[in-house]
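Following: one structure in structure tokens, then a few remarks.
Proteins get letters first, then strands, A, B, ... in listed order; numbering begins at 1 in each.
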2 protein chains.
Amino acid sequence: MSETNDRPYHHGDLRRALIDTALDMLATDQNWAFTLREVARRTGVSHAAPYKHFRDREMLLRELARIGFVRLGENMTEAMSLGLPSTRAQFMAAAQACIGFACQNPGLYRLMFSSDADKTIDPSLHDAAMKTFGILLGLLERGQRDGSFRPVAVSALAAAGWAQVHGLAMLAISHQLLEEKVGSAPVPAALDVLLDGMCCTD
Amino acid sequence: MSETNDRPYHHGDLRRALIDTALDMLATDQNWAFTLREVARRTGVSHAAPYKHFRDREMLLRELARIGFVRLGENMTEAMSLGLPSTRAQFMAAAQACIGFACQNPGLYRLMFSSDADKTIDPSLHDAAMKTFGILLGLLERGQRDGSFRPVAVSALAAAGWAQVHGLAMLAISHQLLEEKVGSAPVPAALDVLLDGMCCTD
DNA sequence: CCTCCATGTTTACAGGAGAAACTTACGCAG
DNA sequence: CTGCGTAAGTTTCTCCTGTAAACATGGAGG
């Protein structure tokens, strides 16, 4: 990753380095007014160098968002592969993985769902988001087949599940899940309420 | 709106005018890179005038967010006062009112939950958000008393309901509720799934 | 009437986005 | 090896933003 090279003029892989720096800053600073120049500065390069790799600031943002979706998908897949007994438990694990990801990368998570990362412009970003959503969809379909989830339209389950997880993630990183409002462990509590509506086992 | 009077140097109520202009732009432009100067320009005033009413840009943003929470609360209260028969139907109406508000004011809604509107700084903003949340809480408590909602911890219901509505709103204004993913009417479908988990009547 | 002060304006400066022109060094044809 | 094309960096420039400071205006109170 961080090759401590002494490249005097040509960096070698500036594109990757810029992305790494930006991801690092997005994870570090809670909310960061993203500036290309700051990224360039911390990467140790002139403020115009990034334009050789990204047409404009938003193109870098979209690439960062794309990577975010890929990583989020990896986290969720990993959580689902822990050998948990029930599909319900797997859903719970995947949801908590998603929310955990958001809390560990609040800036990146916000970016992924912000208007700065316009998915109508960049097909690869759109695909990445769609693919990550597909993980959720696959879990729900599997749950319906094995009788865990109710046989309603899977799209309804998907919308509900996705919205719930995304909503909890957004509220969490906005520090709005205060104990006085929603209790001490709102995430599993809320997910359990939703799962009661999704599952057959009442 | 546009009073064609010749401003006698002193505007009269510039503070209000700036807020109105900004709210207008937040509703009009889907996603707008908020600039104080642009607000001043459209209000027909010098770019430094706003500083006589707001210490800095973020102070205006927080005030806008506060107003957003007040209006959102009004919308939700109104939706709940339509004389709908069941508490469940009232919840559904309030939720759809919230999501409708977000879709009609995407910029404002985003602002309300963005890190630009830091609720830890401004108590009145925090109070406004809390009060709007209280509307939801009140509905849930009432629903539990009348036997509509299950007698679990009300904070769990609150977290679930709030996250669901907020998640749907955010996904909707991010244009991520595509039919291919979540069907043609994802909002009521998702809310029904959640309500199945919240309500006693299965 | 004159003077104070809230509310405006003008001017100034730092910092960011991005374009254009210039520079460096890697890779390749002869 | 020499010379050159080109990708990748740098410098410089313009326009824009936030924000501070100094100045102007005009209504309210003595």
Side-chain angles (χ1 to χ4, degrees), chain A residues 2-22 24-26 28-29 31-65 107 110-111 114-118 121-122, chain B residues 2-22 25-26 29 31-65 107 110-111 114-118 121-122:
Chain A
S2 60
E3 325 150 65
T4 45
N5 43 18
D6 46 319
R7 299 193 197 276
Y9 197 93
H10 282 15
H11 184 284
D13 196 357
L14 181 55
R15 181 188 164 89
R16 172 74 63 184
L18 289 168
I19 289 173
D20 286 347
T21 303
D24 212 50
M25 297 170 79
L26 279 174
T28 304
D29 297 354
N31 61 326
W32 163 42
F34 187 100
T35 67
L36 255 191
R37 285 167 115 98
E38 177 75 8
V39 177
R41 215 172 289 138
R42 294 217 195 183
T43 312
V45 93
S46 86
H47 64 85
Y51 287 92
K52 299 294 174 187
H53 300 273
F54 303 95
R55 190 174 48 252
D56 57 16
R57 173 194 129 101
E58 300 227 331
M59 193 165 171
L60 172 55
L61 290 176
R62 283 194 296 272
E63 176 62 10
L64 294 171
R110 269 220 172 80
L111 171 62
S114 84
S115 52
D116 285 334
D118 188 343
I121 291 178
D122 185 343
Chain B
S2 58
E3 329 146 62
T4 45
N5 49 9
D6 44 317
R7 268 174 258 283
Y9 197 93
H10 280 19
H11 183 283
D13 197 356
L14 181 56
R15 181 188 164 87
R16 172 74 64 183
L18 290 168
I19 290 173
D20 286 346
T21 302
M25 297 171 78
L26 280 174
D29 298 354
N31 61 325
W32 163 43
F34 188 101
T35 67
L36 255 191
R37 282 169 116 102
E38 178 74 9
V39 176
R41 216 171 288 140
R42 294 215 194 183
T43 312
V45 91
S46 85
H47 67 256
Y51 286 91
K52 300 296 173 182
H53 300 273
F54 303 95
R55 190 175 49 250
D56 57 17
R57 172 193 130 103
E58 300 228 330
M59 193 167 171
L60 172 54
L61 289 176
R62 283 195 296 271
E63 176 62 10
L64 294 171
R110 269 222 172 79
L111 171 62
S114 84
S115 52
D116 285 334
D118 189 342
I121 291 178
D122 185 343

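- In this structure, CG on Asp122(B) lies 11.5 Å from CG on Leu61(B), to the nearest 0.5 angstrom.
- With hydrogens and angles ignored, the 3.5 Å screen pairs no side-chain donor or acceptor of Arg37(A) with any backbone N or O of Ala48(A).
- Side-chain N/O atoms of Arg37(A) include none lying less than 4.0 angstrom from OP1 or OP2 on dA14(C).
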Phe54(A) vs Arg15(A), side-chain contact (heavy atoms from CB on, under 4.5 Å): CA-CA, chis, key distance, verdict:
CA-CA 8 Å; Phe54(A) 303 95; Arg15(A) 181 188 164 89; 3.5 Å; yes
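- Residue Met59(B) contributes atom CE, which lies 12 Å from atom P of dT19(D) at whole-angstrom precision.
- Here the CE atom belonging to Met59(B) is positioned 10.5 Å from the CD1 atom belonging to Ile121(B), to the nearest 0.5 angstrom.
- Distance alone, capped at 3.5 Å, is enough to place a donor-acceptor pair between the Ser114(A) side chain and the Asp116(A) backbone.
- Atom CZ of Phe34(A) is separated from atom P of dG15(C) by 19 Å (rounded to the nearest Å).
- The structure places CD1 of Ile19(B) at 11.5 Å from CG of Leu26(B), a figure rounded to the nearest 0.5 Å.
- Of the residues Leu36(A), Thr35(A), Val39(A), the one that meets the side chain to side chain contact (heavy atoms under 4.5 Å, CB included) test with Arg57(A) is Leu36(A).
- In this entry the distance linking CZ of Arg41(B) with C1' of dT10(C) reads 16 Å, nearest Å.
- Few gaps surround CZ on Arg41(B); more than 12 heavy atoms of other groups in view lie less than 6.0 Å from it.
- Rounded to a whole Å, the CG atom of Leu60(A) is 10 Å from the P atom of dA17(C).
- If you check residues 46-57 of chain A against DNA chain C, the residues with a heavy atom closer than 4.0 Å are His47(A), Tyr51(A), Asp56(A), Arg57(A), listed by number.
- In the helix from dC1(C)-dG30(D) to dG30(C)-dC1(D), the end axes, each obtained as the rotation axis mapping the C1' atoms of four pairs onto the next four within a five-pair block, lie 10° apart to the nearest 10 degrees.
- Atom CD in Glu58(A) sits about 11 Å away from atom C1' in dA17(C), given to the nearest Å.
- Separating the CG atom of Leu18(A) from the C1' atom of dA17(C) is a distance of 15 Å, rounded to the nearest angstrom.
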